[in-house]
Amino acid sequence: MAICLEKLKQFWKPNVYTKAPDGGWGWVIAVAFFLVEAFTYGTIKIFGIFLQDLMEEFTETNSRVSWIVSICVFVMTFNAPISSVMTNRFGFQLVVMVGGLLISTGTTVTSFTTSVNQMYLTYGIVAGFGYCLSFLPTVTLLSQYFDHRRSLVTAIASTGESLAIFALAPAFSAMKSHLGWRHTMAVMGALQGIIIICGALLRRIVIQPKGNQLTETDQLTRTDQRSTKDPEDLSAQETTENPKMQNSVQNQNSAKNTFYSLDNELTTDSVSTGDSGIQSVKEKPTGSPEENTFLNHEAKSETNQSTPRNGTAEVKINYEEENQVMKEERRKEKPSKLKFKLLDFSILKECTFILYSLFGLFATLGFFAPQLYIIDLSVSRGVERDQASYMLSIMAVAEIVGRLSVGWIMTRKALRTKKLLVMLACVVLMTLDLLAFTLVTEFYGLAVCSAVYGMLMGTLACTHIPMLAEDDVVGIERMSSAAGVYVFIQSFAGLAGPPLGGVLVDVSQNYGSAFYSCAAGMGISAIFLGLVKPAKKGLLCRRRRTDTPRDAHESNGVLEEQNKD
């Protein structure tokens with residue numbers, strides 16, 4: 001029993017790599033994302049098979065029943081920042097498992113409801129919030145496990161949504177005709193419990209560069225050993241081991257910017273530190289940490305000038321006092337660090353992120369019209385309704401092809417640094433395709449437009465969120481918080497898009513009006529997307545200062561040398 005508990009505890013620990021593995025446990029995450037995609041977006045898209053039964057069961061209109069899915073999608077996207085905060089606080093595994101439990105419970109309870117209003121609560125809110133907790137953390141973690149293969153793996157794993165439409169929609173339709181919609185929905189809820197298992201597989205990844213493997217216990221042990229040695233031996237050993245100590249201290253105390261700088265490994269043993277608490281044993285600190293550090297640096301420099309260049313020195317370092325100060329400062333800074341991690345809204349100050357979010361906002365306006373109005377548009381152009389229904393199947397097949405194609409394209413070495421340009425080309429082509437829907441008047445023209453739309457839709461659907469991990473946007477380190485805010489901004493367009501299209505159709509009595517509005521939104525999104533990379537280069541707005549502590553220290557060192565000269 002103890003062995004099982006120990007293995008279970010080990011399983012919940014994060015995987016530690018020196019860099020993104022582009023494989024390893026990432027393949028398990030990819031399979032988990034495939035299943036999560038199938039039982040989140042996939043089941044949402046096939047919920048339409050129950051609409052006619054719900055209208056007959058509760059004698060409700062199409063509009064009232066359709067609000068079930070609309071509320072679900074809005075809750076899913078609007079609460080994305082909450083998903084990011086919970087993931088940062090409680091980890092990927094727990095959050096996705098809770099999300100899977102909410103989805104399974106909400107869908108199962110929906111099969112026992114007696115009114116549409118109850119479904120608004122059980123499926124729209126409960127299951128919708130579960131979708132929010134399940135999808136976003138999974139795609140975020142998948143992006144962290146892969147680097148060069150990120151686009152391809154994400155594209156392949158995201159096909160779970162499209163394949164679910166092919167496999168689950170016919171299966172549930174056949175089951176509904178034999179068992180009724182209530183039993184079918186209960187079975188769907190039970191199958192969605194697979195998301196709980198997928199959540200348990202989401203082991204967090206920690207990127208720890210080589211040479212940063214010393215733990216705090218190891219450093220304290222080394223400190224005790226050094227304190228008992230002869231001063232001359234201590235000085236000689238300090239000269240050779242300072243680089244390792246530098247890496248260890250940086251790895252453990254990056255939040256308070258503590259680091260060591262070895263001025264000359266062969267000729268001097270002076271130690272320069274920024275607010276690290278290192279003092280000489282001959283005098284105690286009387287001023288601020290910065291003043292004491294500067295005085296120590298000057299004192300050691302004078303000592304080294306009068307000392308033969310044989311690698312020895314007369315200055316001792318009080319390591320016990322150093323460790324005490326370091327622990328005290330870590331204790332003081334821990335609450336603020338935690339707050340920043342959970343509530344990292346500084347991403348809204350990034351010009352590139354704002355532009356990319358505006359792209360996502362307007363692009364969402366162009367996603368809804370073909371699926372909602374393609375059948376009615378085809379019928380209005382003289383196509384039989386039975387033939388018009390094939391347009392959705394054409395879109396689904398083309399979407400799978402588009403997802404796989406863009407994943408392969410973006411992994412090419414020549415295009416790894418031009419992913420935004422590839423995405424921009426897809427957006428421009430989709431704008432033209434939406435306009436083409438309003439011009440064609442026969443079956444084959446509409447079929448070609450549907451195929452092109454499905455392919456381009458697949459490319460954008462599987463890349464627009466993972467694209468946040470690219471350095472041209474925000475980078476992998478801040479993707480978790482950025483993804484939550486990005487999807488939150490998108491939710492407003494998702495909520496307003498379908499009603500806007502419906503109003504235009506009612507006013508003009510032409511289904512092509514909805515496609516015009518979508519083309520306009522997609523065209524505006526292309527403009528914002530095209531401005532992202534210039535903004536990253538600082539051509540549109542002033543770039544924020546992102547110097548690391550080491551860079552700042554090196555800059556101070558250069559200034560000190562210039563002042564000495």
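Index from 1, following the sequence.
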Might you point out which heavy atoms bring [X] and [Y] nearest each other, and give the distance in Å?
| X | Y | answer |
| --- | --- | --- |
| Pro81 | Gly484 | CD-O, 3.4 Å |
| Thr108 | Ala186 | OG1-O, 4.2 Å |
| Val427 | Ala526 | CG1-CB, 3.7 Å |
| Ala30 | Val153 | CB-CG1, 3.8 Å |

What about the rings of Tyr356 and Phe359, do their centers lie closer together than 6.0 Å? yes
Atom [atom1] in [X], atom [atom2] in [Y]: separation rounded to 0.5 Å?
| X | Y | atom1 | atom2 | value |
| --- | --- | --- | --- | --- |
| Ile465 | Leu136 | CD1 | CG | 6.0 Å |
| Leu439 | Leu435 | CG | CG | 7.0 Å |
| Met86 | Ser84 | CE | OG | 11.0 Å |
| Thr138 | Ile29 | OG1 | CD1 | 8.5 Å |
| Cys426 | Leu460 | SG | CG | 5.5 Å |
| Ser450 | Glu399 | OG | CD | 12.5 Å |

Would you please name every residue forming a salt bridge (charged side-chain N to carboxylate O under 4.0 Å, His left out) with Asp376, sequence neighbours left out? Arg385
Tell me every residue that passes salt bridge (charged side-chain N to carboxylate O under 4.0 Å, His left out) with Asp53, counting only those two or more places apart in sequence or in another chain. Lys176
Is a side-chain donor or acceptor of [X] paired with a backbone partner of [Y] at a separation under 3.5 angstrom?
| X | Y | result |
| --- | --- | --- |
| Gln93 | Ala200 | yes |
| Lys536 | Cys351 | no |
| Thr43 | Thr40 | yes |
| Arg381 | Val440 | yes |
| Ser143 | Val139 | yes |
| Ser405 | Gly402 | no |
| Glu350 | Phe353 | no |
| Ser380 | Leu377 | yes |
| Ser491 | Phe74 | no |
| Trp25 | Leu201 | yes |

Tell me, with the steps shown, if Thr110 and Thr122 meet side-chain hydrogen bond (donor to acceptor under 3.5 Å, both in side chains). CA-CA 6 Å; Thr110 301; Thr122 58; 2.9 Å; yes
Using the ring of each side chain (for Trp, its six-membered ring), is [X] parallel, tilted or perpendicular to [Y], with breaks at 30° and 60°?
| X | Y | result |
| --- | --- | --- |
| Phe488 | Phe492 | perpendicular |
| Phe135 | Tyr41 | perpendicular |
| Phe367 | His464 | perpendicular |

Are [X] and [Y] close enough that some pair of their side-chain heavy atoms sits under 4.5 Å apart?
| X | Y | answer |
| --- | --- | --- |
| Leu163 | Phe34 | yes |
| Ile49 | Thr184 | no |
| Leu529 | Ser525 | no |
| Met522 | Leu365 | no |
| Tyr486 | Met467 | no |
| Leu54 | Met119 | yes |
| Leu202 | Pro137 | no |
| Cys132 | Thr77 | no |

Determine the sole option in Leu420, Asp472, Leu424, Ile354 for which the side chain to side chain contact (heavy atoms under 4.5 Å, CB included) test with Val532 is passed. Leu420
Salt bridge (charged side-chain N to carboxylate O under 4.0 Å, His left out) pairs touching residues 65-78, sequence neighbours excluded, are none
Only pairs at least two apart or in different chains count here, so list each salt bridge (charged side-chain N to carboxylate O under 4.0 Å, His left out) that has a residue in residues 419-429. Lys419-Glu470
Test ring pair (Phe, Tyr, Trp, His ring centres under 6.0 Å) applied to Trp27 and Tyr145, Phe33, Phe146, the passing residue: Phe146
Should Ile103 and Ser134 be marked as a side-chain contact (heavy atoms from CB on, under 4.5 Å) after you check the CA-CA gap, both sets of side-chain angles, and the distance that decides it? CA-CA 9 Å; Ile103 295 173; Ser134 301; 3.6 Å; yes
side-chain contact (heavy atoms from CB on, under 4.5 Å), that's the test. Do Gln144 and Thr140 meet it? Break it down for me. CA-CA 7 Å; Gln144 295 176 0; Thr140 301; 3.9 Å; yes
List the steps and the verdict of side-chain hydrogen bond (donor to acceptor under 3.5 Å, both in side chains) for Ser104 and Gln192. CA-CA 5 Å; Ser104 180; Gln192 287 176 323; 6.0 Å; no
Run the side-chain contact (heavy atoms from CB on, under 4.5 Å) test on Phe50 and Val65 for me, step by step, so that the C-alpha distance in whole Å, both residues' side-chain angles and the decisive distance to 0.1 Å come before the verdict. CA-CA 10 Å; Phe50 300 108; Val65 175; over 6 Å; no
Which residue pairs pass the ring-ring contact (aromatic ring centres under 6.0 Å, His included) test with at least one member in residues 420-456, sequence neighbours excluded? Phe437-Phe515
Would you indicate whether Glu384, at its atom CD, is surrounded by more than 12 heavy atoms from other residues, nucleotides or ligands within a distance under 6.0 Å? no
Identify, with sequence neighbours excluded, every residue that meets side-chain hydrogen bond (donor to acceptor under 3.5 Å, both in side chains) alongside Glu161. Lys45, Arg403
Could you walk me through whether Met188 and Phe47 satisfy the side-chain contact (heavy atoms from CB on, under 4.5 Å) test, starting with their C-alpha distance in whole Å, then the side-chain angles of each, then the deciding distance to 0.1 Å, before giving a yes or no? CA-CA 10 Å; Met188 180 188 294; Phe47 190 84; 5.5 Å; no
Salt bridge (Lys or Arg N to Asp or Glu O under 4.0 Å) assessment of Asp22 paired with Arg149: CA-CA 6 Å; Asp22 261 344; Arg149 298 176 179 173; 5.2 Å; no
Please assess Gln490 against Thr364 for the test side-chain hydrogen bond (donor to acceptor under 3.5 Å, both in side chains), listing each intermediate value before the final yes or no. CA-CA 7 Å; Gln490 273 190 306; Thr364 304; 3.1 Å; yes
